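Ligands are counted one by one from 1 in listed order, and the atoms in each one are counted from 1 as well. Side chains are part of it too, since the values below use all heavy atoms of this structure and drop only hydrogens, waters and symmetry mates. Quantities reported herein were computed from a predicted structural model and do not represent experimental measurements.
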Amino acid sequence: MKKKIRIVLGADHAGFTLKEDVKKYLNSLPDYQVEDVGTSNDASVDYPDIAKKAVERYFADPVNSLAILICGTGIGMSIAANKFPKIYCALSYDSFTAKMARQHNQANFLALGARVNYHEEITSIVSSFLNATAETGRHLRRFNKIKQLEGDK
Ligand code: RB5
């Protein structure tokens with residue numbers, strides 16, 4: 001049997017309800033297994049704590065995993081996640097950028113904003129991210145340059 005891809009899923013209080021919707025969607029698909037790192041209700045929490053937890057869990061099996069982080073805008077989560085080496089978190093508000101994030105930029109994390117008015121597009125954004133594959137050639141060369149910048153720190 002094909003191994004399922006693990007999706008590490010995290011949200012702060014602002015993203016909690018959308019996280020539950022995204023989880024339901026992912027659980028309806030045969031190829032994914034969700035690991036939910038919280039939060040588990042709408043009581044206020046700090047998004048960097050959730051981003052850190054998601055990154056830690058992502059590194060438990062990075063080859064077989066992707067992550068989706070949700071806060072009010074997605075901005076805080078993406079900034080926090082991108083502080084960690086080897087995390088390439090793309091903030092996407094539409095299907096095109098979600099797809100490009102993996103195809104051209106090899107993003108391994110997707111950040112979404114629950115207070116952004118695009119809820120009806122969320123499943124299409126998530127599936128565009130999950131179904132895209134990284135391109136080689138000039139895109140790989142550029143991605144390797146990003147990794148070099150990381151090494152320069
Ligand atoms: C929480 O109120 C909000 O600031 C947070 O969810 C996020 O939007 C930060 O970027």
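- Both the backbone and the side chain of T73 come within 4.0 Å of ligand 1, judged by heavy-atom distances.
- In this structure, atom 4 (O) of ligand 1 has no protein heavy-atom contact shorter than 4.0 Å.
- Scanning the protein heavy atoms around atom 6 (O) of ligand 1, the nearest turns out to be D12 OD2, 2.6 Å.
- The parts of C71 lying near ligand 1 are both backbone and side chain, judged by heavy-atom distances below 4.0 Å.
- Checked options K23, R57, K4; the residue passing with E35 is R57 (criterion: salt bridge (charged side-chain N to carboxylate O under 4.0 Å, His left out)).
- Geometrically, R6 does not engage Y32 in a cation-pi contact, judged by NZ or CZ lying under 6.0 Å from the ring centre and within 45° of the ring axis.
- Close approach of ligand 1 to G72 (heavy-atom distance below 4.0 Å) involves ligand atoms 5 (C), 6 (O), 7 (C), 8 (O).
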Exercise. Step by step, work out the salt bridge (Lys or Arg N to Asp or Glu O under 4.0 Å) result for K3 and D61.
Key: CA-CA 12 Å; K3 194 177 176 191; D61 184 10; 3.5 Å; yes
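- One finds no salt bridge joining E20 and K24 here, because no Lys/Arg side-chain nitrogen approaches an Asp/Glu carboxylate oxygen to under 4.0 Å.
- Considering both main-chain and side-chain atoms, I75 never comes within under 3.5 Å of ligand 1 through any nitrogen or oxygen pair.
- Between the side chain of D12 and the backbone N or O of A14, at least one donor-acceptor pair lies under 3.5 Å.
- Outside the 6.0 Å centre-distance limit, the rings of Y88 and F109 are not counted as a close aromatic pair.
- Scanning the protein for heavy atoms near atom 10 (O) of ligand 1, the closest one is G76 N, 2.9 Å.
- Residue L29 is grouped with residue L110 when hydrophobic side chains (ILVMFWY) are merged at heavy-atom distances under 4.5 angstrom, including chains of intermediate members.
- Checked by distance only, ligand 1 and A14 stay at 3.5 Å or farther apart across all their nitrogen or oxygen atoms.
- Scanning the protein heavy atoms around atom 9 (C) of ligand 1, the nearest turns out to be Y47 CE2, 3.4 Å.
- The protein non-hydrogen atom at the shortest distance from atom 2 (O) of ligand 1 is R115 NH1, 3.1 Å.
- H104 places no side-chain N or O within donor-acceptor distance of the main-chain N or O of H139, the cut-off being under 3.5 Å.
- The part of H13 lying near ligand 1 is the side chain, judged by heavy-atom distances below 4.0 Å.
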